[in-house]
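This report refers to the structure that appears directly beneath it.
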Amino acid sequence: MKNQNKDIGIVPYGGPAGGWGALKAVVDAIRGQMSVKENIIALFKVNQPQGFDCPGCAWPDPQYHSSFEFCENGAKAVSWEATSKRNTPEFFAAHTVSALWKLNAFELEGEGRLTHPMKYNSTSDTYQTIQWETAFREIGTLLRNYIDPNSVEFYTSGRTSNEAAFLWQLFAREYGTNNFPDCSNMCHEPTSVGLLQSIGIGKGTVNLEDFNHCDLVLCIGHNPGTNHPRMLATLREVSKRGKKIVAINPLRERGLERFTLPQSPIEMLSMRSTQIASMYYKVRVGGDAAMLKGIMKCLLVMHKDRISLKEQGVLDETFIKEHTEGFDALKADLDETEWSYIFKVSGMTFADLQNIAHLYATAENTIICYGMGITQHQHGTQNVQQIANLLLLRGNIGKRGAGICPLRGHSNVQGDRTVGITEKPPLWMLNNIEKVFGFKPPHKHGHGAVAAIQAIRDGKAKALLCLGGNLAEAISDPQVTFKAMRTLDLVVHIATKLNRSHLLLGKHNYLFPVLGRTEVDRQASGVQSITVEDSMSMVHASRGTLMPVSPHLKSEPALIADLAKATLLNSRVDWKKMVSDYSLIRDAIEAIIPGFDNFNKRILIPGGFRLPIAASQRKWLTPSSKAQFKVMQGINEDPCSLKCHDLVLTTLRSHDQYNTTLYGLNDRYRGVTGRRDVLFIAAAEAEKRQLRDGDKVNIITLDNEGNRTKRRLDNLTLVVYDMAPGSVAAYYPEANIMVPLESYDNESGTPSYKSIPVVLELIDTLGVLL
Ligand SMILES: Nc1nc2c(c(=O)[nH]1)N[C@H]1C(S)=C(S)[C@@H](COP(=O)(O)OP(=O)(O)OC[C@H]3O[C@@H](n4cnc5c(=O)[nH]c(N)nc54)[C@H](O)[C@@H]3O)O[C@H]1N2
Ligand SMILES: Nc1nc2c(c(=O)[nH]1)N[C@H]1C(S)=C(S)[C@@H](COP(=O)(O)OP(=O)(O)OC[C@H]3O[C@@H](n4cnc5c(=O)[nH]c(N)nc54)[C@H](O)[C@@H]3O)O[C@H]1N2
Ligand SMILES: [Mo]
């Protein structure tokens with residue numbers, strides 16, 4: 001059962017993450033997309049104080065960096081946006097939407113940047129150019145004619161700047177709705193909801209400096225080698241200081257094991273790499289809550305033993321007493337949780353859990369990092385809270401070198417939330433909007449992403465306006481979603497490149513091209529900067545340097561302002577003025593959202609400024625002013641966890657993709673080349689079924705009772721992989737078909753993309769079921 005099959009594009013990767021492989025990939029990415037020297041030079045402006053923020057990920061930049069800060073996947077993201085390819089009206093004229101629907105994501109976006117505002121013509125079945133003014137007038141009329149403003153959905157994808165997001169929420173709220181489906185609903189909403197309850201703020205508490213002072217980092221359910229490559233440089237420093245990094249992930253991910261810093265000549269030339277994780281535990285998919293409870297149980301036992309020996313305990317009792325509530329309830333819950341369940345659901349042994357607990361108990365300062373492996377479960381919010389519990393037990397929040405570190409997704413997903421993209425707005429925010437702008441924003445809570453799709457499906461939503469993204473492909477259950485989208489009256493997409501959401505047509509369809517972050521944004525008062533907030537709450541400016549790809553592009557803020565003017569005929573907002581100079585938008589943000597004092601001045605500081613994170617000062621903005629231990633009933637983070645179905649499917653990103661954007665068909669670190677139709681499986685599971693690499697299988701989703709449903713993904717090629725038994729993995733978004741729309745976290749609304757019970761069907765080479 002050797003994983004060595006070149007013909008089918010499966011050969012294990014032997015090298016470190018980063019290194020020469022990454023440099024080669026950068027060259028390939030640039031060569032494939034950029035023909036202009038100026039564009040390539042732009043790469044060196046990425047994440048520089050005077051340049052633009054990398055649209056790749058939300059990992060922060062070191063404050064005083066001497067060298068340029070970019071990485072392989074950042075280079076891919078930038079070259080993909082700054083490409084010399086153009087998707088022009090001629091292309092649309094030559095291709096009907098029905099024909100375009102047959103192309104895949106790679107081919108659609110591969111056509112290049114959108115250049116003209118377009119409207120769909122059903123007679124010719126093509127998108128055709130339209131004058132901006134005409135389009136706005138038509139959309140304004142349609143929007144004004146809907147009786148209920150809550151029948152309109154305003155989607156935001158997290159690449160949107162603070163300035164655009166602020167105007168977007170202002171437009172929607174003046175129009176009369178809090179319907180803000182947002183990519184964070186599919187991503188870190190469990191963090192926003194869970195940490196708000198636990199520590200009084202729905203954001204991480206650490207900054208980059210903390211990594212210089214930590215003794216231990218736990219990396220749970222995230223894959224930085226692909227999704228936050230610049231983080232590897234930080235982890236490398238931790239490892240070089242001799243501190244421990246523990247990875248907890250169902251799959252062995254190269255980026256968590258070994259890394260060669262492309263910026264280090266010594267490592268590059270000597271072909272050396274730095275070990276990242278000193279220990280790697282393969283938790284079962286959906287087994288994190290069990291694992292976290294297991295570690296906490298170990299700690300309680302250790303504490304008791306030490307106390308009985310009259311030694312210092314391992315819990316920080318002073319901190320628990322002074323700063324927290326709910327310890328007794330947590331303890332009671334942990335006492336009740338049976339070890340046998342913990343082992344079964346987590347797939348980890350007592351020794352594994354004991355080892356992690358021991359490391360944790362002996363480390364002075366611990367940081368826990370986590371990603372989608374934790375949040376995308378039916379109890380994702382409670383999962384996040386178990387991480388907070390573990391940290392609180394040893395006072396690891398609000399001190400140097402310690403804290404919680406959610407790895408956010410899109411480069412400004414956190415900022416969008418901060419400036420008001422939220423379907424459940426706090427009262428203070430609404431009151432402030434009213435005070436500053438003089439209209440009364442709606443108080444009724446709106447829709448998140450799943451609720452928006454449900455509303456569209458049920459005929460309650462008539463219009464969908466998307467500020468970026470690819471909602472239809474990103475959300476679960478394409479069977480339901482695609483059908484629902486086609487019933488809409490009005491669909492407006494604001495985008496840089498063509499994707500499948502744009503091809504799901506309602507009655508009236510518009511596709512608008514906008515400036516990307518790399519491009520110069522010139523308004524009445526001159527060239528503008530926008531701002532973004534990274535994963536560590538640092539807000540900083542970003543300014544494009546490239547010539548826009550077409551003279552017909554609008555900036556996102558300008559487009560939103562025009563749309564708002566055409567819709568809200570008696571608006572209280574001076575849209576034209578705000579867009580003439582984005583510093584006026586920032587003044588409005590400052591007046592409404594706390595923490596932005598002297599906003600315009602402070603973005604002039606290289607590196608920007610940090611928004612206040614009260615919990616990092618041990619100020620708990622909870623109703624009782626204490627941090628909360630939150631009890632999770634049981635350990636089944638998904639209904640299927642406890643039943644331990646044979647196999648649980650998780651969905652992942654490959655190394656060559658940015659969410660629904662495919663840069664290519666390789667997944668270098670996982671040893672897959674030229675294909676995405678694969679299913680990763682543990683050797684033990686393959687052996688049990690007498691399967692081997694390259695075998696073809698179908699997978700079928702099971703319901704919570706273990707019965708087969710109609711959801712299936714056929715003809716996947718098996719890849720035997722070093723991963724936890726009981727788990728299989730396939731790529732997102734292809735595998736979204738396996739995820740029912742109704743399968744989401746009740747508290748946050750986030751779909752459980754990472755825990756779907758499935759069965760395998762083996763098929764022979766002729767496609768016959770065996
Ligand atoms: N190049 C690139 N960068 C990106 C993105 C991209 O697509 N491409 N996307 C951006 C966005 S929006 C986001 S949200 C982030 C996503 O970044 P990540 O959170 O790293 O995202 P994923 O690749 O979905 O999955 C992460 C890891 O979770 C593990 N995992 C799966 N199921 C489980 C589980 O049940 N438990 C545990 N503990 N682990 C599990 C997988 O093995 C995988 O290693 O990256 C951002 N950055
Ligand atoms: N099964 C499964 N599903 C998932 C996930 C998973 O792990 N598994 N992850 C979820 C997560 S974490 C997320 S964040 C969502 C992602 O959901 P989205 O944010 O909706 O999706 P993206 O693929 O990032 O959007 C790509 C599109 O954004 C547009 N775009 C790019 N740059 C710009 C810009 O500067 N301005 C504008 N206006 N448009 C731009 C382009 O047209 C491009 O086609 O997917 C979710 N879906
Ligand atoms: Mo995300």
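The figures here come from the full heavy-atom set of this structure, side chains too, leaving out hydrogens, waters and symmetry mates. Counting starts at 1 for both ligands and their atoms, following the listed order.
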Backbone or side chain, does any N or O of R284 fall under 3.5 Å from an N or O of ligand 1? no
Counting from 1, what ligand 1 atoms have a heavy atom of L251 closer than 4.0 Å? 42 (O)
Decide whether the shortest distance between a heavy atom of H228 and an atom of ligand 1 is less than 4.0 Å. yes
Taking every non-hydrogen atom, the tightest pair across F482 and A472: CE1-O, 3.4 Å
With heavy-atom distances below 4.5 Å as the criterion, would you say the side chains of R670 and Y13 are in contact? no
Parallel, tilted or perpendicular: rings of Y370 and H188 (30°, 60°): perpendicular
Interfacing atoms of ligand 1 (cut-off 4.0 Å, heavy-atom, G286): 34 (C), 35 (O)
Just to check, does L407 reach to within less than 4.0 Å of ligand 1 when the distance is taken from its heavy atoms? no
Considering both backbone and side-chain atoms of N223, is one of its nitrogen or oxygen atoms within less than 3.5 Å of a nitrogen or oxygen in ligand 1? yes
Are any protein N/O atoms closer than 3.5 Å to the N/O atoms of ligand 2? If there are, list each pair with names and the distance to one decimal place.
unit_1: ligand 2; atom_1: 1 (N); unit_2: T651; atom_2: OG1; d: 3.0
unit_1: ligand 2; atom_1: 1 (N); unit_2: N736; atom_2: OD1; d: 2.4
unit_1: ligand 2; atom_1: 3 (N); unit_2: N736; atom_2: OD1; d: 3.4
unit_1: ligand 2; atom_1: 7 (O); unit_2: Q376; atom_2: OE1; d: 3.1
unit_1: ligand 2; atom_1: 7 (O); unit_2: Q376; atom_2: NE2; d: 3.4
unit_1: ligand 2; atom_1: 7 (O); unit_2: R653; atom_2: NH1; d: 3.0
unit_1: ligand 2; atom_1: 7 (O); unit_2: K754; atom_2: NZ; d: 3.0
unit_1: ligand 2; atom_1: 8 (N); unit_2: T651; atom_2: OG1; d: 2.9
unit_1: ligand 2; atom_1: 9 (N); unit_2: Q376; atom_2: NE2; d: 3.2
unit_1: ligand 2; atom_1: 9 (N); unit_2: R653; atom_2: NH2; d: 3.1
unit_1: ligand 2; atom_1: 19 (O); unit_2: S157; atom_2: OG; d: 2.8
unit_1: ligand 2; atom_1: 19 (O); unit_2: H410; atom_2: NE2; d: 2.8
unit_1: ligand 2; atom_1: 20 (O); unit_2: Y155; atom_2: OH; d: 2.6
unit_1: ligand 2; atom_1: 20 (O); unit_2: N470; atom_2: N; d: 2.8
unit_1: ligand 2; atom_1: 23 (O); unit_2: T660; atom_2: N; d: 2.9
unit_1: ligand 2; atom_1: 23 (O); unit_2: T660; atom_2: OG1; d: 2.5
unit_1: ligand 2; atom_1: 24 (O); unit_2: H410; atom_2: NE2; d: 3.0
unit_1: ligand 2; atom_1: 24 (O); unit_2: N659; atom_2: ND2; d: 3.1
unit_1: ligand 2; atom_1: 28 (O); unit_2: G469; atom_2: N; d: 3.2
unit_1: ligand 2; atom_1: 30 (N); unit_2: T496; atom_2: OG1; d: 3.2
unit_1: ligand 2; atom_1: 32 (N); unit_2: T496; atom_2: OG1; d: 3.4
unit_1: ligand 2; atom_1: 36 (N); unit_2: E556; atom_2: OE2; d: 2.8
unit_1: ligand 2; atom_1: 38 (N); unit_2: I494; atom_2: O; d: 3.0
unit_1: ligand 2; atom_1: 38 (N); unit_2: E556; atom_2: OE2; d: 2.6
unit_1: ligand 2; atom_1: 42 (O); unit_2: K497; atom_2: N; d: 3.3
unit_1: ligand 2; atom_1: 42 (O); unit_2: K497; atom_2: O; d: 2.7
unit_1: ligand 2; atom_1: 44 (O); unit_2: E109; atom_2: OE2; d: 2.7
unit_1: ligand 2; atom_1: 44 (O); unit_2: N499; atom_2: ND2; d: 2.8
unit_1: ligand 2; atom_1: 45 (O); unit_2: Y732; atom_2: OH; d: 2.7
unit_1: ligand 2; atom_1: 47 (N); unit_2: A474; atom_2: O; d: 2.7
unit_1: ligand 2; atom_1: 47 (N); unit_2: Y753; atom_2: OH; d: 3.4

Whether F180 and F154 hold their rings parallel, tilted or perpendicular, with breakpoints at 30° and 60°: tilted
Distance filter under 4.0 Å to N73 heavy atoms, resulting ligand 1 atoms: 1 (N)
For D288, the ligand 1 atoms with a heavy-atom partner under 4.0 Å come out as 34 (C), 35 (O), 36 (N), 37 (C), 38 (N)
Under 4.0 Å from a heavy atom of E253: give me the atoms of ligand 1 that qualify, with their elements. 41 (C), 42 (O), 43 (C), 44 (O)
Under 30°, 30 to 60°, or over 60°: which ring-plane class applies to F106 and W80, parallel, tilted or perpendicular? parallel
Candidate list D53, T160, T496, N412, test side-chain hydrogen bond (donor to acceptor under 3.5 Å, both in side chains), partner R517, passing option: D53
Between I245 and C219, what is the shortest heavy-atom contact and its length? CG2-SG, 4.1 Å
Find all atoms of ligand 1 within a distance of less than 4.0 Å from any non-hydrogen atom belonging to N249, and give their numbers and elements. 27 (C), 29 (C), 41 (C), 42 (O), 43 (C), 44 (O)
Validation row, ring centre F680 to ring centre Y731 under 6.0 Å: yes
Nearest heavy-atom neighbours spanning V285 and S755: CG1-OG, 3.8 Å
Looking at V514, L559, I494, L167, which one forms a side-chain contact (heavy atoms from CB on, under 4.5 Å) with L467? I494
Looking only at the aromatic ring of each residue, does the gap between the centers of H502 and Y510 stay below 6.0 angstrom? no
When you look for heavy atoms under 4.0 Å from ligand 1, do you find them on the side chain of I248, its backbone, both, or neither? backbone
Taking C-beta and beyond as the side chain, do V672 and N666 meet within less than 4.5 Å on heavy atoms? no
What do we get for H222 next to ligand 1 when only non-hydrogen atoms under 4.0 Å count, side chain, backbone, both or neither? both
Can you list the residues that meet the ring-ring contact (aromatic ring centres under 6.0 Å, His included) rule with F259, with sequence neighbours excluded? none
Close approach, H377 and ligand 1, non-hydrogen under 4.0 angstrom: yes
Taking only non-hydrogen atoms of V283 and a 4.0 Å limit, the atoms of ligand 1 in range are 38 (N)
Within a distance under 4.0 Å of any heavy atom of T226, pick out the atoms of ligand 1 and give their elements. 1 (N), 2 (C), 3 (N)
